[in-house]
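For reference, positions follow the sequence shown, starting with 1. All values derive from a computational prediction rather than experimental measurement.
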Amino acid sequence: VVLRFGKYNRTLSPGINLTLPRPFESMMPVNVSSIRSLEDRGNMLTQDENIVDVKLAVQYKVKSPADYLFHDRDPEITIRDATESSIREVVGKSKMDFVLKEGRAEVVARIKLVMQATLDAYEAGLLVSDVNLQDAQPPEEVQAAFSDAIKAREDKERLKNEAEAYYNDIIPKARGTAARQLQEASAYKESLIA
């Protein structure tokens, strides 16, 4: 069977497979296997009211082509906005030392969860595959003061450890000396009585 639409001819095979000619119906291929990436950098305010300069890399791919094409006008802008808002939310609920030192892995995991929840709520059709916190440090303007604060904290810990070592060295010696003097006094007393 051949259908004619003006200058368009279409040969139909058996079964229900009618399609309309271009521009009424067209195919938009979406590569769902490729991994895409973006980087975001910005100054964020932490829970303890410090500013942290954060640099983050995100890798993502298309999860649902239909949502990617039809539910979101511009998924690239959506994921960029979701990344920035997720960073602000997670860093804003964390203390500066936690973001800079011991909590980096947890911060990354929470950012990934918040981002994916946001993208799912917007039906963007994207899946966040990896989040990498490339850099987190105080802004350059206060880097020297922050380094001084870290050095002062390290000096405090060092002096505290030295004081504890001195305490652990002196106290047993003093107790030993006192015990020896008590024994000598007791022996002297016994010798005088004898």
Side-chain angles (χ1 to χ4, degrees), residues 8 10-13 15-147 149-150:
Y8 297 103
R10 180 170 299 276
T11 304
L12 297 177
S13 56
I16 301 175
N17 56 5
L18 294 176
T19 58
L20 297 175
R22 287 184 184 253
F24 301 107
E25 184 174 325
S26 62
M27 186 174 81
M28 293 181 275
V30 176
N31 188 351
V32 295
S33 62
S34 71
I35 301 215
R36 304 159 192 221
S37 64
L38 71 92
E39 288 188 1
D40 194 13
R41 181 182 200 125
N43 291 330
M44 311 293 164
L45 187 63
T46 62
Q47 183 181 18
D48 53 356
E49 297 180 0
N50 288 309
I51 295 177
V52 179
D53 186 21
V54 177
K55 184 176 180 185
L56 190 78
V58 177
Q59 293 181 340
Y60 63 97
K61 62 183 181 177
V62 176
K63 175 173 67 170
S64 169
D67 288 347
Y68 180 77
L69 291 173
F70 302 117
H71 281 184
D72 196 354
R73 183 179 298 247
D74 194 347
E76 307 301 323
I77 291 176
T78 301
I79 194 161
R80 184 168 299 283
D81 291 346
T83 302
E84 187 170 331
S85 69
S86 301
I87 295 169
R88 290 191 187 283
E89 179 179 338
V90 172
V91 171
K93 292 180 179 178
S94 304
K95 295 195 181 276
M96 182 176 188
D97 289 338
F98 185 75
V99 173
L100 296 179
K101 296 177 186 167
E102 70 268 4
R104 290 174 71 102
E106 188 178 333
V107 166
V108 167
R110 290 192 336 215
I111 288 173
K112 185 176 178 181
L113 286 174
V114 171
M115 268 183 69
Q116 190 61 55
T118 303
L119 292 172
D120 290 345
Y122 282 122
E123 296 179 346
L126 298 173
L127 176 67
V128 178
S129 57
D130 191 30
V131 175
N132 184 11
L133 185 60
Q134 294 178 334
D135 193 20
Q137 62 182 2
E140 289 183 29
E141 297 84 10
V142 297
Q143 189 72 35
F146 188 75
S147 297
I150 289 174

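Contact check for Met115 versus Ile79: side-chain heavy atoms found under the 4.5 Å cut-off. Using a 4.5 Å cut-off on side-chain heavy atoms (C-beta onward), Asp135 and Asp53 make no contact.
Checked by atom type and distance alone, the side chain of Lys101 never pairs as donor or acceptor with a backbone atom of Met96 at under 3.5 Å. Side chain of Gln134 to backbone of Lys55: no donor-acceptor contact under 3.5 angstrom is found. No side-chain donor-acceptor contact under 3.5 Å links Glu89 to the backbone of Glu84. Proximity of a side-chain donor or acceptor of Arg88 to a complementary backbone N or O of Asn43 within less than 3.5 Å is detected.
Judged purely by distance below 3.5 Å, without hydrogens or angles, the side chains of Asp40 and Thr83 never pair a donor atom with an acceptor atom.
Atom CG of Leu38 sits about 10.0 Å away from atom CD of Gln59, to the nearest 0.5 Å. For the atom pair Leu119 CG and Asp67 CG, the distance stands at 11.0 Å (nearest 0.5 Å).
Within 6.0 Å of NZ in Lys61 there are 12 or fewer heavy atoms belonging to other residues, nucleotides or ligands. The local environment of CD1 in Ile51 is sparse, with at most 12 non-hydrogen atoms from other residues, nucleotides or ligands closer than 6.0 Å. More than 12 non-hydrogen atoms from other residues, nucleotides or ligands lie less than 6.0 angstrom from CZ of Phe98. Within 6.0 Å of atom CD in Glu49, 12 or fewer heavy atoms from other residues, nucleotides or ligands are found, so the atom counts as exposed in its surroundings.
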Side chain to side chain contact (heavy atoms under 4.5 Å, CB included) between Leu56 and Val131: does it pass, once the steps are laid out? CA-CA 7 Å; Leu56 190 78; Val131 175; 3.5 Å; yes
So Val90 and Met44, side chain to side chain contact (heavy atoms under 4.5 Å, CB included) or not? Walk me through it. CA-CA 10 Å; Val90 172; Met44 311 293 164; over 6 Å; no
